[in-house]
Amino acid sequence: MNRNADYWISELNLKAHPEGGHYREIYRSCETVQARDLPDRFNGPRAFSTAIYYLLEGNDYSALHRIRSDEIWHFYAGSSITIHTIDQSGVYERALLGNNPDNGESLTAVINAGCWYGATLNEPGSYSLMGGTVAPGFEFEDFELANRADLIRSFPRHLSVIQRLTR
């Protein structure tokens, strides 16, 4: 069966994500970690872990953003993607997420808490179905979409990637 982005969006009941693409939360631990037991960057309790399906298609991209937790991305189907990260000291790195290790791709990629990151499809016009696991669990109050001007001021040497991955 030839499955495309529309199939996955419908079958998995995905909705638009603020960073671009489509998503749906598929897991939220029923157990929590209390705020007193978390680093100061968290202002309340968090689920042990959360997980989502995430899909990019066509010319869409995951805009640069950051969260307060570590996130592991998992590849499921479609085209490989490039995950672009800028850490807190300004180091830029790329990771290939896909199912072809001979091409330098990995089935998983880890993004450290506080890093700016976004993603692009490696085959324009295609799609990629992925998953994301966050620990401590994700809350939208922990999500920050990058401001282009602020990020350029902070990391001018990464102008081209910032311009490409901000709205």
Side-chain angles (χ1 to χ4, degrees), residues 4-28 41-43 46-47 49-88 90-98 105-155 158-167:
N4 60 21
D6 290 338
Y7 169 85
W8 291 115
I9 291 168
S10 174
E11 184 67 22
L12 300 176
N13 195 28
L14 305 180
K15 61 183 180 178
H17 195 293
E19 78 195 45
H22 294 81
Y23 82 107
R24 180 172 61 91
E25 185 174 273
I26 57 171
Y27 172 75
R28 177 171 291 273
R41 67 183 179 267
F42 297 98
N43 59 3
R46 295 291 179 271
S49 180
T50 56
I52 64 168
Y53 289 130
Y54 183 67
L55 183 137
L56 286 175
E57 67 173 316
N59 294 319
D60 205 2
Y61 59 92
S62 166
L64 289 171
H65 64 286
R66 63 182 173 184
I67 62 174
R68 296 179 185 158
S69 299
D70 292 343
E71 182 170 8
I72 302 171
W73 282 35
H74 316 266
F75 178 80
Y76 297 136
S79 166
S80 64
I81 65 163
T82 299
I83 299 173
H84 307 264
T85 61
I86 303 172
D87 74 14
Q88 295 169 353
V91 174
Y92 169 75
E93 293 183 330
R94 295 174 348 135
L96 298 176
L97 188 70
E105 298 169 8
S106 178
L107 293 171
T108 60
V110 176
I111 297 100
N112 294 320
C115 287
W116 292 103
Y117 64 104
T120 53
L121 286 162
N122 292 334
E123 295 176 29
S126 63
Y127 79 93
S128 185
L129 176 63
M130 303 151 280
T133 304
V134 176
F138 178 82
E139 294 291 341
F140 266 104
E141 67 190 68
D142 299 337
F143 173 87
E144 181 183 1
L145 200 55
N147 175 286
R148 178 179 286 174
D150 291 345
L151 219 52
I152 290 170
R153 270 192 295 282
S154 296
F155 308 112
H158 304 309
L159 176 68
S160 63
V161 74
I162 293 168
Q163 287 178 327
R164 182 176 179 201
L165 296 178
T166 53
R167 300 191 196 297

With rounding to the nearest 0.5 angstrom, report the CD1 to OG distance, I162 to S154. 8.0 Å

Pairing residues for R153 by the salt bridge (charged side-chain N to carboxylate O under 4.0 Å, His left out) criterion, not counting sequence neighbours: D150

Taking all non-hydrogen atoms of both residues, which atom of N4 and which atom of Y127 are closest, and how far apart? CA-CE2, 3.9 Å

To the nearest 0.5 Å, tell me how far I9 CD1 sits from K15 NZ. 14.0 Å

Would you mind listing every salt bridge (Lys or Arg N to Asp or Glu O under 4.0 Å) that reaches into residues 121-139, with sequence neighbours excluded? R28-E139

Residue among F140, F138, F143 satisfying ring pair (Phe, Tyr, Trp, His ring centres under 6.0 Å) with H65: F143

Does some side-chain heavy atom of W8 sit less than 4.5 Å from a side-chain heavy atom of Y76? no

Spacing of CG belonging to N147 relative to CD1 belonging to I152, to within rounding of 0.5 Å: 9.0 Å

So, for H84 and Y117, is the gap between ring centers shorter than 6.0 Å? no

Any donor-acceptor pair under 3.5 Å from H158 side chain to G90 backbone: yes

Are more than 12 heavy atoms, taken from residues, nucleotides or ligands other than R24, located less than 6.0 Å from that residue's CZ atom? yes

Between D70 (side chain only) and A113 (backbone N and O only), is there a donor and an acceptor less than 3.5 Å apart? yes

Within this structure, what is the CG-CG distance for the pair D87 and N112, rounded to the nearest 0.5 Å? 8.5 Å

Quick check for you: to the nearest 0.5 Å, what is the distance between L64 atom CG and S62 atom OG? 7.5 Å

State the OH-OG1 distance between Y61 and T166, to the nearest 0.5 angstrom. 6.0 Å

Criterion side chain to side chain contact (heavy atoms under 4.5 Å, CB included) on R46 and N43, from CA distance to verdict: CA-CA 9 Å; R46 295 291 179 271; N43 59 3; 3.3 Å; yes

Hey, what's the ring geometry for H17 with Y23, parallel, tilted or perpendicular (30° and 60° as the breaks)? perpendicular

Between the main-chain N or O of P136 and the side-chain N or O of S69, is there a donor-acceptor pair closer than 3.5 Å? yes

Between L12 and L129, is the side chain to side chain contact (heavy atoms under 4.5 Å, CB included) condition met? List the steps. CA-CA 10 Å; L12 300 176; L129 176 63; 3.9 Å; yes

Donor-acceptor side-chain pairing of S79 and N122 below 3.5 angstrom: no

Going by the side-chain contact (heavy atoms from CB on, under 4.5 Å) test, name the single residue among E25, E71, R68 that passes it with V134. E71

Going by heavy atoms in the side chains, are H22 and Y53 under 4.5 Å from each other? no

Write down the atom of L145, the atom of P18, and the distance for their closest heavy-atom approach. CD2-O, 4.0 Å

Side chain to side chain contact (heavy atoms under 4.5 Å, CB included) for S126 and L121? Distances and angles first, verdict last. CA-CA 7 Å; S126 63; L121 286 162; 4.1 Å; yes

Under the salt bridge (charged side-chain N to carboxylate O under 4.0 Å, His left out) test, which residues partner D60, sequence neighbours left out? R167

Write down the atom of A119, the atom of L165, and the distance for their closest heavy-atom approach. O-CD2, 4.3 Å

